[in-house]
There are 2 protein chains.
Amino acid sequence: MRAGPSQEEIRRQNLGALLRHVHVHGAMSRAELTSALGLNRSTIGALTADLANAGLVSEATPKQRGRAGRPSLVVRPESARVHAWAFSIEVDRLQAARVGLGGVVLDRRELSRPRGLVAAETAPLLAGALKEMQPAVPPGTICVGAGIAVCGMVRRDDGLVRLSPHTGWVNEPIGATLAAELDAETPVVVANVADVCAFAEHARGAAAGRDNVIYLYGDVGVGAGIIAGGRRLTGHGGYGGEVGHMVVNRNGSRCECGSRGCWETEIGEYALLHAAGRPAASGREAVLAVIDAADRGDARAQAAVRQVGDWLGFGVGNLVNIFNPEMVIFGGTMRDLYLAAAAQVRSRLNSVGLSACLEHVRLRTPQLGRDAALVGAAELAFERLLADPLEV
Amino acid sequence: MRAGPSQEEIRRQNLGALLRHVHVHGAMSRAELTSALGLNRSTIGALTADLANAGLVSEATPKQRGRAGRPSLVVRPESARVHAWAFSIEVDRLQAARVGLGGVVLDRRELSRPRGLVAAETAPLLAGALKEMQPAVPPGTICVGAGIAVCGMVRRDDGLVRLSPHTGWVNEPIGATLAAELDAETPVVVANVADVCAFAEHARGAAAGRDNVIYLYGDVGVGAGIIAGGRRLTGHGGYGGEVGHMVVNRNGSRCECGSRGCWETEIGEYALLHAAGRPAASGREAVLAVIDAADRGDARAQAAVRQVGDWLGFGVGNLVNIFNPEMVIFGGTMRDLYLAAAAQVRSRLNSVGLSACLEHVRLRTPQLGRDAALVGAAELAFERLLADPLEV
DNA sequence: GCGGTTTGTTGTTCCGGGCAACGTATTGTT
DNA sequence: AACAATACGTTGCCCGGAACAACAAACCGC
């Protein structure tokens, strides 16, 4: 029930819209921006002048000439001079990267993650990777903040990791801990991996331009990043999208969350390994090994892939009925599983889903590859900049 | 990726915010509006002048005096002069009402609905009820449109009822059919009952001010109206919230949708009657009879209530994990069931739900009573007015 | 080089909200 | 009853932001 935006907010929003446009779509001419944003030439000129003045974009005469008329200046994001730090905390590894405006990964480090590491021990590792990358940062650059993707439930207000069963974290304040290791001016944002990947794919990946998307991310556990009506679904505390703990089988096996028959006990990495009669080993390699065996004709592995693929389609069917998305993206090990069992997934999905909801659903794999989590984490940090470009 | 609002849109939004405020919170003084909307006194003055000029609000010197200073003019919505038509199509009855700005039901009619009535036969009945109410409409009134609440899946773009299993409708263009019966200028909006009730409870009922809410509506079938991040979750085609067809029991009984073990086969009206060993009779009375019998000590009825209540808590637990809402509202026969089996619901919810998601969930019953669907349907029609008050 | 075309630039206009000064209606005090 | 105090409506002015139009600049083809 708030009033509409004031006039200065118009400027903020227009600056943000322009910067976001070149951030997402890459360098483009002022003429293109004029038609894309629906603003006047002179307004675009004034906005780019402000942004260039703040060091966020640069203008240049285009190399490629050929059309009639005066060539339009090309506005490009200052990818090298404006960046965010991005971190990803996964079950068995840590990633750190410097990501430039425009979503380009400028530098990166990867560490294996020993089991049982709490936040107080993890933050120094991340900060260390950052310090390692620091010397390569050219002078005069702008850092807009840091984003962390965590495989667990993250409280939106303060970035506390409430629960991350497969890393063993309970109430770990990773955001605050890392912030203490960094400059006081560097804001730190934390979110769930699935949410972050969904965000990235929605901004510049497979889901670009789609307003209702479910990004399913699987490793040991399963979570979803959900875009509903063009906006991220966070829920009240930030724990939305915990679809891995949707109970699909009341007689199923115990889940680490304490319940029984959660979806992730049927489609998580361990489920596939168990069905294939293999030891419970974490990591994508073990999953790929089963799929590989199935490809080579191993009957037990084939049955396991079919069974787990069936459960995958089952849960997706439920989600499709609840959300009526236009796209479902399978990320993490769900990608491999979906590709190996697409027939089962589709078939079960078709039997569970309502025909109206199935009508426009596309099943896809991510486009951003292994960088999705890092790009998405950086996107979290960039969000502040895009909301108010001149405040930095 | 659109640009921010232009200056004229500021005016529209401020007019809408002011009108919405008095529409939702009732008549209030210009001074209160000034602080509520955060606008200047002079701006509020100009806005109310525009709205009063358009006949949407009226100003009056307040009756109640007592505080020092010049008394502030009271702005009240022109409830009698500005109205919408509201309709509700339920399994066994039809409702029609004239609802004034501010959400007051000015007049209403109720018809029982014979089974097997298609849209082409229903629309004349609704239009007839409207014509019956027409003579009581004072001259010079403004009608902003008509809203219809339907117990079925509604395509957002054109209001086509894709599927309503329990009324037997398939691809019935109720919106277009009713529009043809009315003035050409009266826009008709159609939506699902649960969505509409959620909208109403969110605007002025139990969920006022809550941004993440699930409104569960049950009769023969079960659907949910979902508010996520303060906005209605519609999904891509408008079919979002079909939680009744979330499969919770793979070995369950056949559902009318063609699948097996849908949630509504476990908690719908027939489920309770079947568990209680009674004939499948539609309508709230049959449900209340079972609950009444359970209250009076009928062991079989008690077991039925417990069993269905357990399934109710089970599904709500799943939804709580997926959406992390701050409130779940039980409407329709779900209200009676929840009140009768609150212990089972809570207990199963606690065992299925993740503790972080359970933390701030409140379980509630609706505040708007039997008028919820009509008020919500009217709200759909008012939405256009509130988006651009002077365009009418 | 010249007209045609497209775009950047500049000065002007328009619109909407904030602000301050003033007028007005009520309460409380002497 | 007269006065101050209080709170509000009203009016005129200012400022910021975008649209618009006129002009200048840079490209094309001939």
Side-chain angles (χ1 to χ4, degrees), chain A residues 2-19 21 27-54 57-76 388-391, chain B residues 2-19 21 27-53 57-76 388-390:
Chain A
R2 275 224 58 62
S6 68
Q7 289 175 285
E8 49 185 336
E9 281 181 70
I10 290 191
R11 199 54 189 272
R12 266 204 292 276
Q13 290 195 26
N14 282 346
L15 285 166
L18 203 165
L19 187 57
H21 213 78
M28 65 197 311
S29 72
R30 275 161 62 160
E32 289 173 288
L33 287 168
T34 301
S35 65
L37 298 183
L39 294 172
N40 195 279
R41 280 213 299 262
S42 38
T43 308
I44 295 289
L47 294 172
T48 50
D50 278 9
L51 292 176
N53 220 319
V57 302
S58 62
E59 290 185 291
T61 53
K63 295 277 171 288
Q64 186 224 359
R65 48 184 59 171
R67 294 209 317 277
R70 177 176 178 173
S72 190
L73 295 179
V74 169
V75 182
R76 70 178 66 253
D388 192 355
L390 300 188
E391 205 56 30
Chain B
R2 275 224 56 64
S6 70
Q7 290 175 284
E8 50 184 337
E9 281 181 71
I10 290 190
R11 199 59 193 272
R12 266 205 291 275
Q13 290 196 27
N14 282 344
L15 285 166
L18 202 166
L19 188 57
H21 212 78
M28 65 197 310
S29 71
R30 277 162 59 160
E32 290 172 288
L33 287 168
T34 302
S35 65
L37 299 183
L39 294 172
N40 197 281
R41 280 212 298 258
S42 39
T43 309
I44 295 289
L47 293 173
T48 50
D50 277 10
L51 293 175
N53 219 321
V57 302
S58 62
E59 291 185 290
T61 53
K63 294 278 172 287
Q64 184 224 358
R65 48 184 58 171
R67 294 210 318 278
R70 176 175 178 175
S72 191
L73 295 179
V74 169
V75 182
R76 70 179 66 250
D388 192 354
L390 300 188

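The sequence lines fix the lettering, A, B, ..., with proteins before strands; numbering per chain opens at 1.
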Compare the minimum distances between each of [options] and the side chain of [X], then state the nucleotide with the smallest one.
{"X": "Arg11(A)", "options": "dG9(D), dG8(C), dG17(D)", "result": "dG17(D)"}
{"X": "Pro71(A)", "options": "dG9(D), dA18(D), dC27(D)", "result": "dC27(D)"}
{"X": "Ser72(B)", "options": "dA18(D), dT7(C), dC8(D)", "result": "dC8(D)"}
{"X": "Leu73(A)", "options": "dG8(C), dC19(C), dC8(D)", "result": "dG8(C)"}

Taking for each residue the nucleotide of DNA chain D with the nearest heavy atom, is it Ala68(A) or Thr34(B) whose nucleotide lies nearer the 5' end?
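It is Thr34(B) whose nearest nucleotide is closer to the 5' end.
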Euclidean distance, atom [atom1] of residue [X] to atom [atom2] of [N] [Å, nearest integer]:
{"X": "Leu37(A)", "N": "dG17(D)", "atom1": "CG", "atom2": "C1'", "result": "16 Å"}
{"X": "Leu390(A)", "N": "dG17(D)", "atom1": "CG", "atom2": "C1'", "result": "14 Å"}
{"X": "Asn40(B)", "N": "dG9(D)", "atom1": "CG", "atom2": "P", "result": "11 Å"}
{"X": "Arg12(A)", "N": "dA18(D)", "atom1": "CZ", "atom2": "P", "result": "12 Å"}
{"X": "Leu47(A)", "N": "dG8(C)", "atom1": "CG", "atom2": "P", "result": "13 Å"}
{"X": "Glu8(A)", "N": "dG16(C)", "atom1": "CD", "atom2": "C1'", "result": "13 Å"}
{"X": "Arg70(B)", "N": "dG23(C)", "atom1": "CZ", "atom2": "P", "result": "13 Å"}
{"X": "Leu15(B)", "N": "dC15(C)", "atom1": "CG", "atom2": "P", "result": "15 Å"}

| Under 4.0 Å between a side-chain N/O of Arg30(B) and OP1 or OP2 of dG9(D), yes or no? |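 Indeed, a polar side-chain atom of Arg30(B) lies that close.
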query = Below 4.0 angstrom from OP1 or OP2 of dG17(C), is there any side-chain N or O of Asn14(B)?
reply =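 Asn14(B) to dG17(C) OP1/OP2: side-chain N or O found under 4.0 Å.
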Using 0.5 Å steps for rounding, measure from the [atom1] atom of [X] to the [atom2] atom of [Y].
{"X": "Asn14(A)", "Y": "Leu37(A)", "atom1": "CG", "atom2": "CG", "result": "7.5 Å"}
{"X": "Leu19(A)", "Y": "Leu51(A)", "atom1": "CG", "atom2": "CG", "result": "5.5 Å"}
{"X": "Leu18(B)", "Y": "Thr34(B)", "atom1": "CG", "atom2": "OG1", "result": "8.5 Å"}

Go through the N and O atoms of the side chain of Arg41(A) and the base of dG8(C), and report whether any donor-acceptor pair is under 3.5 Å.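 Indeed, a donor on one side and an acceptor on the other fall under 3.5 Å apart.
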*Minimum-distance pair of heavy atoms, taken over all atoms of Ala36(A) and His21(A)*: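 Here Ala36(A) and His21(A) meet closest at CB-NE2, 3.5 Å.
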Using a 4.0 Å heavy-atom cut-off across all strands, classify Ser42(A) as base, sugar-phosphate, or nothing.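 Base contact.
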Using a 6.0 Å cut-off, check whether atom CZ of Arg12(B) has over 12 heavy atoms from anything other than its own residue.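 Buried by this count: over 12 neighbours within 6.0 Å.
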